[in-house]
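Data first, discussion second: the structure below is written as structure tokens.
Both ligands and their constituent atoms are indexed starting at 1 by order of listing.
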Amino acid sequence: MVRFVLHGMAVLVLTAVTQLGGIAWLAALAFRQGGGRFWAAFLLGYALLMGAAQLAAPSFGRVPLPSREGPLRMQSAFYCIAMRNFVSPELREVAIGAAERVARQHPGAVTLALDANFPLPAPIPMIPHLSHGDGDKLDFAFFYADAAGYAPGRSASPIGYFAFERVGEETCPPAFPTLRWEMRWLRPAMAGLKLEPERTTALLRALLDDPRVGKIFLEPPLAARLGVSGGKRRFQGCRAARHDDHIHVQL
Ligand SMILES: [Zn+2]
């Protein structure tokens, strides 16, 4: 019974994090006699599903964002391994175009993408996001600097999210339950980098200038600090997650 519950939890978590990993786990259960074979079967099954998803995704209007090269990259290999780097072809053009513009204005600038969408359409959104499900939503990391200046390809947080700029300066009234976590307990894991305003603002302007972009979410005080208030730049409201640790873009 305990095993059944644990396997069920593993399938749920893998499905939430990677969309297809739960299927690989279930298939590997057929090989669970002998621990080594289970893990080999799981990894092989997951690799096969990853390959199949890359082939199938274009039929559902999804293409992967580049993982590790060019002016636009995923912030970490995790996003590619978990297949969280899929967008519509139009959004990929928008994202690469914006990253190229930032790199022209600031040579050597690397734009880092965070959560995009899964390769296949699904009835539930990509947790913890409320909206990343249709291929037209994408998050970007801020640009960061250390004492020597712009730090290419680096983020304050190991996964790009949760290095909040406005800890202790809440815009919304207290509420429960809330998605506006501050996650102060995570502060020791942060790299001690500072937001680099020039390149971050250049990316925001490139996205705002693209007529295909419908909305950008960024906390209003941070948008004011970066000089990009108003227009398509919106506040996501007090009921959604904070946007002072990343930029959310949708077509
Ligand atoms: Zn988002």
Side-chain angles (χ1 to χ4, degrees), residues 16-19 57 61-67 72-76 78-80 82-99 102 111-144 155-166 171-172 177-183 186 195 200-201 203-208 210 212-223 226 228 231-251:
V17 176
T18 70
Q19 190 175 49
R62 315 268 170 114
V63 287
L65 289 171
S67 284
L72 174 72
R73 296 172 205 173
M74 300 311 293
Q75 189 268 346
S76 126
F78 161 78
Y79 293 102
C80 308
M83 295 183 272
R84 299 172 80 96
N85 63 325
F86 285 80
V87 290
S88 63
E90 191 177 24
L91 182 50
R92 182 166 71 172
E93 271 182 32
V94 167
I96 291 176
V102 177
T111 297
L112 298 176
L114 303 173
D115 267 336
N117 304 260
F118 285 129
L120 309 176
I124 48 166
M126 176 189 266
I127 295 169
H129 308 278
L130 300 179
S131 68
H132 291 228
D134 60 3
D136 287 341
K137 317 289 191 303
L138 174 62
D139 291 344
F140 289 99
F142 296 150
F143 291 79
Y144 289 95
S155 299
S157 150
I159 58 162
Y161 290 101
F162 308 139
F164 298 109
E165 287 294 311
R166 306 191 70 254
T171 332
C172 290
T178 179
L179 288 171
R180 293 182 64 80
W181 315 300
E182 271 197 348
M183 303 175 96
L186 209 58
L195 188 142
T200 304
T201 303
L203 174 63
L204 283 162
R205 290 203 189 288
L207 293 166
L208 287 165
D210 194 313
R212 294 168 291 186
V213 169
K215 276 186 216 165
I216 292 179
F217 290 154
L218 187 68
E219 295 287 311
L222 187 56
L226 297 171
V228 291
K232 289 190 273 190
R233 205 282 315 149
R234 306 276 174 81
F235 178 45
Q236 74 286 341
C238 289
R239 304 187 70 165
R242 299 165 64 121
H243 287 80
D244 60 336
D245 61 331
H246 72 280
I247 301 164
H248 167 98
V249 175
Q250 61 188 70
L251 298 186

Not counting sequence neighbours, which residues clear side chain to side chain donor-acceptor pair (under 3.5 Å) with Ser76? List them please. none

State whether Asp115 contributes an N/O/S atom found under 2.8 Å from the Zn ion (ligand 1). no

Residues Cys80 and Met74: closest non-hydrogen pair is SG-CG, 3.6 Å

With sequence neighbours excluded, what pairs up with Phe217 under the ring pair (Phe, Tyr, Trp, His ring centres under 6.0 Å) test? His243, His248

Is it true that some N/O/S atom of His132, main chain or side chain, lies under 2.8 Å from the Zn ion (ligand 1)? yes

Could you tell me whether the side chain of Arg73 and the main chain of Pro66 form a donor-acceptor pair under 3.5 Å? no

Do Tyr79 side-chain atoms and Ile159 backbone N/O form a donor-acceptor pair below 3.5 Å? yes

Looking at the Zn ion (ligand 1), is there an N, O or S atom belonging to His129 that lies under 2.8 Å away from it? no

To make sure I understand the geometry: which N, O or S atom in His248 is closest to the Zn ion (ligand 1)? ND1

Which N, O or S atom of Asp139 lies nearest to the Zn ion (ligand 1), by name: OD1

